[in-house]
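Read through the structure below, which is laid out as structure tokens, and then see the notes.
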Amino acid sequence: MEKGENSAGYPWGHNRRFNAFPDYFRRTFGERVQKVSIDAGFTCPNRDGSKGTGGCTYCNNKAFNPSYCLPEKAIRTQIEEGILFHKKRYRRVDSYIAYFQAYSNTYASIETLEKLYSEALGHKDIKGIIIGTRPDCVDGEKLDFLREVSKRVYLAIEYGIESCYNRTLRRINRGHTFEDAVKALEGTASRGLNTGAHFIFGLPGETRREMLAEAEIISGLPLNTVKFHQLQIIKGTAMEDEFRMNPSDFELFTWEEYLDFIISFLERLTPGIVVERFTGEAPPRYLTKEVWGKKRTDQIVSLIEKRLEELDTWQGKKYER
Ligand code: SF4
């Protein structure tokens with residue numbers, strides 16, 4: 001992709017060297033909007049026995065849930081506490097999106113989903129919802145219902161896909177295939193709903209070359225936004241046991257390696273997909289192995305942007321349609 005497609009130089013309409021999420025939210029809502037996480041008490045078919053009981057080998061939901069997010073608390077209370085939490089950090093924000101984050105947030109009857117989502121949307125400061133779920137937890141009926149909701153408010157569905165390779169998905173016990181993910185994304189996008197996806201880099205058994213090749217595969221998916229995470233070995237997971245038994249099976253990225261990798265990946269990713277995250281940030285007390293030292297997410301984004309600048313490169317520079 002050449003620069004110069006508009007006055008800002010990039011097709012996403014601003015001067016940052018990647019299609020950044022905060023700007024996407026600003027374009028969509030015309031103001032700064034912050035997400036508030038909710039744990040609505042869902043479970044997951046990969047844990048409750050309908051698909052499996054052990055869950056994905058890397059999963060410990062506690063490591064990713066903000067402290068104000070507890071399923072015992074009413075959704076309204078979680079929203080109020082989340083807003084207070086964010087007000088301290090981002091004073092200029094007045095509107096929020098409810099992010100149904102923990103476990104699989106479409107894994108219930110439509111009646112239950114309607115009740116839970118309505119509770120969040122009934123809050124005066126909530127402008128929409130983002131629903132995190134698994135590709136095998138949606139069907140035509142649920143997507144039709146979500147399409148109706150999306151006629152009134154902003155709605156996005158964020159799928160955990162994690163890898164484009166079925167070999168890896170089997171190894172991490174995801175309980176679904178990449179084809180399931182493509183089907184869910186196509187069903188979601190064809191109804192005009194916003195789509196997001198989550199991928200992990202560094203999963204056991206994948207080479208760096210295979211991970212880089214995912215840029216082309218992901219570029220071909222009907223996605224609005226993506227989140228990328230480096231693999232972290234979280235305490236209390238099946239992966240922790242695997243890692244302790246066979247550490248040589250894991251090639252965890254050092255920060256310098258990941259920086260090089262993510263730049264190459266971004267260059268190959270379509271400019272049309274908004275990038276929401278480059279890394280995951282589990283609290284250090286959950287980590288089996290601390291590999292990057294103390295780097296905050298905002299510092300990481302700055303370092304990536306600095307490197308893009310130094311190399312005079314950008315998202316999609318090497319993307320070929
Ligand atoms: S990562 Fe998601 S899908 Fe996998 S076990 Fe955990 S909650 Fe379930």
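As the structure is a computational prediction, the values presented were derived from the model and not from experiment. Order of appearance sets the numbers: ligands from 1, and atoms from 1 within every ligand. Atoms considered below: every heavy atom in the structure, side chains included; atoms not considered: hydrogens, waters and symmetry mates.
- For Tyr107 and Phe42, the distance between ring centers is not under 6.0 angstrom.
- Which parts of ligand 1 touch Arg47 is read off a 4.0 Å heavy-atom cut-off, strictly below it: atoms 5 (S), 6 (Fe).
- Residue Arg174 approaches ligand 1 through these ligand atoms, each under 4.0 Å from one of its heavy atoms: 1 (S), 3 (S), 4 (Fe).
- Proximity of the aromatic rings of Phe253 and Phe261 is defined here by a centroid distance below 6.0 angstrom, and this criterion is met.
- For Glu216, the CD atom is loosely surrounded, since the number of other residues' heavy atoms within 6.0 Å does not exceed 12.
- Heavy atoms from both the backbone and the side chain of Cys56 come within less than 4.0 Å of ligand 1.
- Using a cut-off of 4.0 Å between Lys/Arg side-chain N and Asp/Glu carboxylate O, Lys306 and Glu309 are scored as not salt-bridged.
- At least one N, O or S atom of Cys44, from either the backbone or the side chain, sits less than 2.8 Å from atom 8 (Fe) of ligand 1.
- In the vicinity of Gly55, heavy-atom distances shorter than 4.0 Å reach the ligand 1 atoms 5 (S).
- Across His198, Glu162, Arg134, heavy-atom proximity to atom 3 (S) of ligand 1 is greatest for Arg134.
- For ligand 1, the atoms lying closer than 4.0 Å to a non-hydrogen atom of Tyr103 are 7 (S).
- A distance of 6.0 Å or more separates the ring centres of Phe278 and Tyr258.
- Residues passing the side chain to side chain donor-acceptor pair (under 3.5 Å) test with Gln78, sequence neighbours excluded: none.
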